[in-house]
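In this chain, residues are counted from 1 in sequence order. Worth knowing before you read on, the calculation uses all heavy atoms, side chains too, and leaves out hydrogens, waters and symmetry mates.
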Amino acid sequence: MKIGMCMFLWTTSVGPEHEALLADIRETGFDGVEIPVFEGEPEDYAKLGELLDSLGLERTAVSALGDPAHDLISPSINVRNDAVDRMKWVLECTRALGADRVSGPLHSVLGQFSGASPTPDEFERAVESQQRVGELASACKVTVGLEALNRFECYLVNTMDDLCGLVRRVGHPNIKAMYDTFHCNIEETDPIGALTRNKDQIAHIHISENDRGVPGRGNIDWSATFEAIRSIGYDDWLTIEAFGRGLPDLAAATKVWRDFAESPEAVYRDGFAHISGHLAKGASHANG
């Protein structure tokens, strides 16, 4: 298992100015970081990858579609084409970074609503668009981990069953699903069952507390969650995703109006201890 830290807590644009922070994340014990891909060029991400290599940090990527001009389920073929082009850029930056996956709500526009449930036509357009993205992802040797978001952030797929139903319809090996404990805590009547019955599609996991703060300080049933992760045979990234008020635009997008921890350091240091403690407990039970 690998433990990662999403850089959303600080920025959507990681650069050399974050070297000291990245070094401390590595010193804390993290295997890698999750890098936001929202701006720049592949060459910028290649340089960042070199910096991460020098620090001994592996990496994954995260992104989202925030512009209505990049709508993969739009009735307009021109808009969908532009959205696929945007995904091509995301995938090329991810490859240049040296990451093998990019995760996020990369199925529809974040925060865009129709005022109704998703239609069969929207779902069909989602399948067709993801199949096109899958081909691009395959060429880049990158896996896309689609994320189900809660009903207040998107309407296309809110539950893991909805998401994995879409992924199965897409039927492409480079289009998979991500499990996020924060969103599942809102939308799932049985968050553990949502994970275990969709285990064949899970390619990435976000560890996120119910308030987006320090993992382990909220009301998510972490013992059951980590037991379920072990039971499905998952042995990949467990990445902390938390948010703060440091970036006004990101704070507004994630509806963060207050601080959830005394400091960012508390989030990643206590969060790392939380995850590693559960992993050690699980290993002890397995050996005992």
Does the distance from a Lys or Arg side-chain N to an Asp or Glu carboxylate O, for Arg217 and Glu262, drop under 4.0 Å? yes
How long is the gap from CG on Leu57 to CG on Leu52, to the nearest 0.5 Å? 6.0 Å
Output yes when a side-chain donor or acceptor of Asn174 lies under 3.5 Å from a complementary backbone atom of Val142, and no otherwise. yes
Could you see if Met160 belongs to whatever hydrophobic cluster contains Phe152? Use Ile, Leu, Val, Met, Phe, Trp, Tyr and a side-chain cutoff under 4.5 Å. no
Side chains of Lys176 and Leu146, heavy atoms from C-beta outward: is any pair under 4.5 Å? no
Distance-only donor-acceptor check, side chains Glu34 and His206, under 3.5 Å: yes
Side-chain donor/acceptor of Asp67 to backbone N/O of Ala69, under 3.5 Å: yes
In short, Asn198 meets Cys164 closest at the heavy-atom pair OD1-CB, 3.3 Å
Grouping I, L, V, M, F, W and Y whenever their side-chain heavy atoms are under 4.5 Å apart, do Leu195 and Met178 come out in a common cluster? no
Could you check if a side-chain atom of Trp237 sits within less than 4.5 angstrom of a side-chain atom of Ile205, using non-hydrogen atoms only? no
What's the shortest heavy-atom distance between Leu279 and Ile3, and which atoms? CD1-CD1, 4.1 Å
Going through the checks in order, is the salt bridge (Lys or Arg N to Asp or Glu O under 4.0 Å) test met by Arg197 and Asp161? CA-CA 9 Å; Arg197 66 176 170 265; Asp161 287 347; 2.9 Å; yes
Can you see which heavy atom on Ser63 is nearest to which on Val102, and at what distance? N-CG2, 4.0 Å
Regarding Arg230 and Glu227, does a basic nitrogen lie under 4.0 Å from an acidic carboxylate oxygen? yes
With a 4.5 Å heavy-atom cut-off, do Cys6 and Val33 have their side chains touching? no
Please determine whether side-chain contact (heavy atoms from CB on, under 4.5 Å) holds for the pair Gln130 and Leu72, giving the CA-CA distance in whole Å, both sets of side-chain angles, and the decisive distance to 0.1 Å. CA-CA 8 Å; Gln130 291 302 325; Leu72 288 165; 3.7 Å; yes
Shared ILVMFWY cluster between Leu149 and Ile220, side chains joined below 4.5 angstrom? no
Please determine whether a side-chain nitrogen of the Lys or Arg among Glu124 and Arg169 lies less than 4.0 Å from a carboxylate oxygen of the Asp or Glu. yes
Quick one: pull up CG in Leu97 and CZ in Arg59 and give me the separation to the nearest 0.5 Å. 5.5 Å
Work out which heavy atom in Gly244 is nearest to a heavy atom in Ala251; give both atom names and the distance. O-CB, 3.8 Å
Where the side chain of Thr196 meets the backbone of Ile192, is there a donor-acceptor pair that is under 3.5 Å apart? yes
Spell out, as yes or no, whether a donor-acceptor pair under 3.5 Å connects the side chain of Arg101 to the backbone of His204. no
Leu156 with Val79, same ILVMFWY side-chain cluster at under 4.5 Å: no
Walk me through whether Met87 and Arg132 qualify under side-chain contact (heavy atoms from CB on, under 4.5 Å). CA-CA 10 Å; Met87 282 302 304; Arg132 294 174 63 189; over 6 Å; no
Classify the ring geometry of Phe226 against His274: parallel below 30°, tilted from 30° to 60°, perpendicular beyond 60°. perpendicular
Can you establish whether the number of heavy atoms outside Glu265 located under 6.0 Å from its atom CD is more than 12? yes
Can a side-chain donor-acceptor contact be found between Glu135 and His172 if the only test is distance below 3.5 angstrom? yes
Find out whether Leu65 and Leu110 are in side-chain contact, i.e. whether some heavy atom of one side chain is under 4.5 Å from a heavy atom of the other. no
Examine distances only and state if a side-chain atom of Ser54 and a backbone atom of Leu51 form a donor-acceptor pair shorter than 3.5 Å. yes
Could you pull out the closest heavy-atom pair between Phe38 and Val62, with the gap in Å? CE1-O, 4.1 Å
Is the ring centre of Trp222 less than 6.0 Å from the ring centre of His278? no
Test: Arg26 and Asp31 ion pair at under 4.0 Å: no
Would you say the side chain of Pro42 lies within less than 4.5 Å of the side chain of Cys93, judging by non-hydrogen atoms? yes
Are Arg95 and Asp100 ion-paired here, with the side-chain N under 4.0 Å from a carboxylate O? no
Donor-acceptor pair, distance only, cut-off 3.5 Å: does the side chain of Asp180 make one with the backbone of His183? yes
Is there a side-chain contact (heavy atoms from CB on, under 4.5 Å) between Arg245 and Asp259 once you walk through the steps? CA-CA 7 Å; Arg245 294 191 298 163; Asp259 293 323; 3.1 Å; yes
Without hydrogens or angle criteria, can the side chains of Arg86 and Asn81 be said to hold a donor-acceptor pair below 3.5 Å? no
Salt-bridge test for Asp24 and Arg269: reply yes if a basic N is under 4.0 Å from a carboxylate O, no otherwise. yes
Under 4.0 Å between a side-chain nitrogen and a carboxylate oxygen: does that hold for Lys47 and Glu43? no
Whether the Glu50 and Tyr45 side chains hold a donor-acceptor pair (N or O, under 3.5 Å, no angle test) is what I'd like checked. no
Can you tell me how far apart CD (Glu241) and CE (Met7) are? Round to the nearest 0.5 Å. 13.0 Å
Heavy atoms, side chains only, cut-off 4.5 Å: are Glu188 and Thr159 in contact? yes
Report yes or no: does Glu122 contribute a side-chain atom to a donor-acceptor pair with the main-chain N or O of Ser74 at less than 3.5 Å? no
Considering residues at least two apart in sequence or located in another chain, which fulfil the ring pair (Phe, Tyr, Trp, His ring centres under 6.0 Å) criterion with Phe30? Phe272
side-chain contact (heavy atoms from CB on, under 4.5 Å) evaluation trace for Asn158 with Asn150: CA-CA 5 Å; Asn158 299 131; Asn150 68 76; 5.7 Å; no
Minimum heavy-atom separation for Asp200 to Arg168, with atom names? OD1-NH2, 2.9 Å
Is there a path of hydrophobic side-chain contacts, each under 4.5 Å between heavy atoms of I/L/V/M/F/W/Y residues, joining Leu166 to Tyr155? yes
NZ (Lys281) and OG (Ser223) are apart, to the nearest 0.5 Å, by 5.0 Å
Report yes if some heavy atom in the side chain of Phe123 is under 4.5 Å from a heavy atom in the side chain of Thr119; otherwise report no. no
Closer than 3.5 angstrom, by distance alone: can the side chain of Tyr179 be matched with the main-chain N or O of Pro191 as a donor-acceptor pair? yes
Does the gap between the ring centers of Phe243 and Trp10 come in under 6.0 Å? no
Between Glu209 (side chain) and Gly218 (backbone), is there a donor-acceptor pair under 3.5 Å? yes
To the nearest 0.5 Å, atom OG1 of Thr181 lies from atom CD1 of Ile240 at 10.0 Å
Would you mind reporting whether Trp89 and Thr94 have side-chain heavy atoms less than 4.5 Å apart? no
Measuring from atom CZ of Arg125 to atom CD1 of Ile73, what distance do you get when rounded to the nearest 0.5 angstrom? 7.0 Å
Short side-chain to backbone donor-acceptor contact, Asn185 and Asn210, under 3.5 Å: no
